[in-house]
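The structure appears right after this line, and notes come after that.
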Amino acid sequence: MTDTDLDGRRVLAIVTNYGVEQDELVVPLKHLRDRGAAVDVAAVTTDPVRTLVGDEDPGDTVRPDLTLADADPARYDLLLVPGGTLNADSLRLQDTAVGIIRSFTSAGRPVAAICHGPWVLVEADVVADKTLTSYASLRTDIRNAGGNWVDEAVVSDDTGGWLLITSRTPDDLEDFLHEIGKELAATGS
């Protein structure tokens, strides 16, 4: 299986209904689905997800497949946490989202987070001893949570028995999606 053949792989993307950075949700959805992965978007409610471009301009609307409360983490091979300042700041206050992250990490399943997405991982208390990247403004939060923040396009770290894939911004999406594809392809081998 290559990263262009992800048939049978299942991905869960978790978001709030407002403020997710458009390309950090829409581009991965299209990329993964075009390669055969089943991708479900779980939001706080089943209302449409209003994305933003650059945290301020209205972006595309995405219809969620289910709510965070209805998501069963055990059904998925990988968790995707898109950024967007407003999305990530609100998502980290959702106990259900934090629980989903803890479920993935305690089961040893991979998590991929981009831009402000790692804020939710900080809230879930799962970044200690991990090397990761994010939007630069999260650097201190990650370090205070025991993580090792680096300024790289994509970072993969399997410390602690689970893989964390992180990237800084939408500019890093190609590298981010390549690492996600490699991991999903490997889980099907």
Side-chain angles (χ1 to χ4, degrees), residues 3 9 11-16 19-25 27-28 31-32 39 42 54-55 68 71 73-74 76-187 189:
D3 73 352
R9 304 283 62 85
V11 176
L12 177 65
I14 59 171
V15 297
T16 59
V20 65
E21 182 67 29
Q22 174 183 277
D23 287 354
E24 294 171 9
L25 177 61
V27 172
H31 176 86
L32 294 167
V39 184
D55 278 336
L68 294 169
Y76 298 93
D77 301 300
L78 182 135
L79 178 64
L80 174 66
V81 186
T85 308
L86 297 172
N87 173 67
D89 193 36
S90 295
L91 194 61
R92 67 185 175 151
L93 298 176
Q94 297 291 324
D95 290 341
T96 307
V98 170
I100 289 170
I101 288 170
R102 288 180 180 148
S103 178
F104 268 85
T105 61
S106 67
R109 281 176 293 150
V111 175
I114 186 168
C115 198
H116 287 81
W119 247 350
V120 189
L121 281 72
V122 168
E123 189 66 32
D125 197 24
V126 298
V127 300
D129 301 322
K130 290 281 202 189
T131 297
L132 63 152
T133 194
S134 67
Y135 194 75
S137 66
L138 276 64
R139 173 181 49 234
T140 300
D141 294 335
I142 289 168
R143 288 179 176 156
N144 286 342
N148 176 35
W149 188 89
V150 295
D151 186 12
E152 296 178 17
V154 66
V155 177
S156 293
D157 185 338
D158 62 0
T159 303
W162 61 278
L163 179 66
L164 175 59
I165 301 167
T166 52
S167 280
R168 301 171 296 196
T169 71
D171 293 339
D172 301 325
L173 274 168
E174 184 175 341
D175 294 329
F176 184 62
L177 292 172
H178 177 73
E179 286 299 309
I180 290 171
K182 277 187 358 186
E183 174 59 21
L184 287 172
T187 62
S189 301

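The main-chain N or O of Ala153 is found under 3.5 Å from a side-chain atom of Ser167 such that the two form a donor-acceptor pair. With Arg92 contributing its side chain and Val122 its backbone, the two residues share no donor-acceptor pair below 3.5 Å. Under the 3.5 Å distance criterion, the side-chain polar atoms of Asp55 are matched with a main-chain donor or acceptor of Thr85. A donor-acceptor contact shorter than 3.5 Å is absent between the side chain of Arg9 and the backbone of Ala185.
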Checklist entry - Which is it for Thr133 and Asp172 under the side chain to side chain contact (heavy atoms under 4.5 Å, CB included) test, yes or no, and what are the steps along the way? => result CA-CA 11 Å; Thr133 194; Asp172 301 325; over 6 Å; no
Item to check | Step-by-step side chain to side chain contact (heavy atoms under 4.5 Å, CB included) determination, Val127 to Trp149 | outcome: CA-CA 10 Å; Val127 300; Trp149 188 89; over 6 Å; no
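From Thr131, atom OG1 reaches atom CG of Asp158 across 10.5 Å, with rounding to the nearest 0.5 Å. Rounding to the nearest 0.5 angstrom, the gap separating the OG1 atom in Thr166 from the CG atom in Asp157 is 8.5 Å. Taking CD1 from Ile14 and CG from Leu91, the interatomic distance works out to 5.0 Å, rounded to the nearest 0.5 Å. Distance NE2/His178 to NE2/His31: 9.5 Å, rounded to 0.5 Å. Atoms CG and CD1, on Leu173 and Ile180 in that order, are 8.5 Å from each other to the nearest 0.5 Å. Rounding to the nearest 0.5 angstrom, the gap separating the CD atom in Glu21 from the CG atom in Asn87 is 10.0 Å.
Between Leu68 and the options Thr96, Val15, Asp95, Thr16, a side-chain contact (heavy atoms from CB on, under 4.5 Å) holds for only Thr96. With respect to Ile165, the side-chain contact (heavy atoms from CB on, under 4.5 Å) criterion is satisfied by exactly one of Val154, Leu132, Leu80: Val154.
Across all non-hydrogen atoms, the minimal contact from Leu86 to Gly19 is CB-CA, 4.1 Å. Residue Cys115 comes nearest to Gly83 through the heavy atom pair CB-CA, 4.3 Å, listed as atom of the first residue, atom of the second, then distance. Of all non-hydrogen atoms in Val126 and Trp162, the two that sit nearest each other are O-CZ2, 3.2 Å. The two residues Trp119 and Ala88 make their nearest non-hydrogen contact at CE3-CB, 3.9 Å. Smallest separation of non-hydrogen atoms from Leu79 and Phe104: N-CE2, 3.5 Å. What you find for Leu78 and Glu183 is that their closest heavy atoms are CD1-CG, 4.3 Å.
Dense packing is recorded around CD of Glu152, with more than 12 heavy atoms of other residues, nucleotides or ligands lying under 6.0 Å away.
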